[in-house]
Amino acid sequence: MPLHVPPAPAPALRSVLTALGSPTAVREARTPALRSVQGPLSPELPLPVHVLDRATADGPAPATRLAGWRFLIRAESGIVAAADTVLTADGWAFSHFFEGPYLGSTERALRQAESTATLHQPRLLSVPELYMLTLWLHGDTGADPAAGAVAPNDILVPLAPAPTGIAAHRPYRAADLLPVLSLRIAPRPGPLVGSA
């Protein structure tokens with residue numbers, strides 16, 4: 001398997017396990033699939049979730065910041081939900097369970113990445129301005145999963161639903177996709193001073 005999945009922080013995993021063991025947390029989750037599952041649930045494939053800071057077309061590689069860790073929740077029937085954790089003043093804490101199109105899309109993109117010949121560290125990269133999420137295949141498998149910038153040769157796989165004009169599940173070199181994204185999120189010019 002060419003994916004080098006980094007271990008999540010132990011407190012993040014513990015917070016998800018605690019939430020899965022809480023009938024209240026599962027029952028109150030807005031995830032019908034999770035509420036209806038019979039049998040054991042287990043968190044797997046922890047992925048650090050990074051947010052892309054505003055990028056410029058001609059600037060240096062855009063920095064990212066770690067926003068949390070996401071765990072896919074597996075039942076006997078397959079992946080049924082995901083759980084997000086966030087860093088608080090007291091450490092890592094469970095945030096929420098969810099389901100939706102990004103769940104199946106993430107699983108599909110991970111399977112695609114496993115079939116390649118190159119070893120990568122999988123991460124998720126969020127582009128909030130475009131309501132976009134990508135599987136970020138970082139080339140440095142020994143890197144700290146909580147830090148780092150997107151390298152030009154890293155692979156970004158937009159998850160479905162992707163913004164118009166960007167193909168979901170198509171692997172892009174970061175050097176090719178990031179300039180397109182930076183043009184789309186460029187600030188719009190404001191009104192001219194003195195105009196009526």
Side-chain angles (χ1 to χ4, degrees), residues 3-31 33-35 41-56 59-74 79-107 109-110 113 120-151 154-159 174 177-178 181-182 185:
L3 293 180
H4 182 271
V5 179
L13 176 58
R14 277 194 305 271
S15 73
V16 171
L17 289 169
T18 299
L20 284 171
S22 165
T24 303
V26 172
R27 188 173 49 252
E28 293 179 2
R30 294 185 180 144
T31 52
L34 185 63
R35 289 194 311 260
L41 297 166
S42 61
E44 59 181 46
L45 289 170
L47 298 170
V49 181
H50 290 259
V51 175
L52 182 69
D53 287 333
R54 191 170 291 274
T56 58
T64 66
R65 59 185 162 77
L66 183 67
W69 282 80
R70 178 166 296 167
F71 297 79
L72 299 182
I73 306 300
R74 181 173 294 281
I79 301 297
V80 294
D84 275 358
T85 62
V86 294
L87 189 58
T88 68
D90 296 325
W92 288 100
F94 169 74
S95 174
H96 62 280
F97 292 115
F98 67 94
E99 58 186 66
Y102 285 134
L103 195 61
S105 189
T106 301
E107 189 176 21
L110 287 166
H120 290 104
Q121 183 189 85
R123 302 171 175 196
L124 293 172
L125 182 64
S126 172
V127 185
E129 294 92 344
L130 298 177
Y131 302 100
M132 180 180 184
L133 188 64
T134 70
L135 177 63
W136 169 15
L137 299 172
H138 193 50
D140 183 358
T141 58
D144 177 357
V150 180
D154 285 352
I155 303 298
L156 300 176
V157 182
L159 301 180
L177 184 59
L178 289 176
L181 300 182
S182 67
I185 62 177

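Quick caveat, the model's predicted, so the values are computed rather than measured.
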For T64, side chain to side chain donor-acceptor pair (under 3.5 Å) partners two or more places apart: H50
T141: side chain to side chain donor-acceptor pair (under 3.5 Å) partners, not counting sequence neighbours: none
Verdict with reasoning, L125 to V150, per side-chain contact (heavy atoms from CB on, under 4.5 Å): CA-CA 9 Å; L125 182 64; V150 180; 4.0 Å; yes
Euclidean distance, L137 CG relative to Q121 CD, rounded to 0.5 Å: 10.0 Å
P48 vs L124 side-chain heavy atoms within contact, under 4.5 Å: no
Minimal non-hydrogen separation, P145 against L66, with atom names: O-CD1, 4.4 Å
With E107 via side chain to side chain donor-acceptor pair (under 3.5 Å) - residues at least two apart: none
Contact summary for A25 and A19, nearest pair of heavy atoms: CB-O, 3.5 Å
Results of side chain to side chain contact (heavy atoms under 4.5 Å, CB included) for R14 - residues two or more places apart only: A10, P11
Flag, side chain of D154 to backbone of A174, donor-acceptor distance under 3.5 Å: no
Over all atoms of both residues, closest heavy-atom pair of H138 and R123: CD2-NH2, 3.5 Å
Distance-only check: which donor-acceptor pairs under 3.5 Å involve side-chain atoms of residues 93-104, not counting sequence neighbours?
unit_1 : atom_1 : unit_2 : atom_2 : d
E99    : OE1    : A33    : N      : 3.1
Y102   : OH     : Y131   : O      : 3.2

Spacing of L47 atom CG and L110 atom CG [to the nearest 0.5 Å]: 6.0 Å
Rounded distance [0.5 Å steps], OG1 in T106 versus CG in L133: 6.0 Å
Side-chain heavy atoms of L181 within contact of M132, under 4.5 Å: yes
Any side-chain heavy-atom pair of S126 and L52 under 4.5 Å: no
Option among F71, W69, W92 that satisfies the side-chain contact (heavy atoms from CB on, under 4.5 Å) test with V16: F71
Point-to-point distance, once rounded to the nearest 0.5 Å, from CG of L41 to CD of E44: 11.0 Å
Value rounded to 0.5 Å, distance of NE2 in H4 from NE2 in H120: 13.5 Å
Interatomic distance, T134 atom OG1 to L177 atom CG [nearest 0.5 angstrom]: 7.5 Å
Heavy-atom pair with the smallest gap, counting every atom of P46 and V5: O-CG1, 3.5 Å
Candidate pair L20 and I73, rule side-chain contact (heavy atoms from CB on, under 4.5 Å), full reasoning: CA-CA 9 Å; L20 284 171; I73 306 300; 4.0 Å; yes
For R70, all residues meeting salt bridge (charged side-chain N to carboxylate O under 4.0 Å, His left out), sequence neighbours excluded: D84
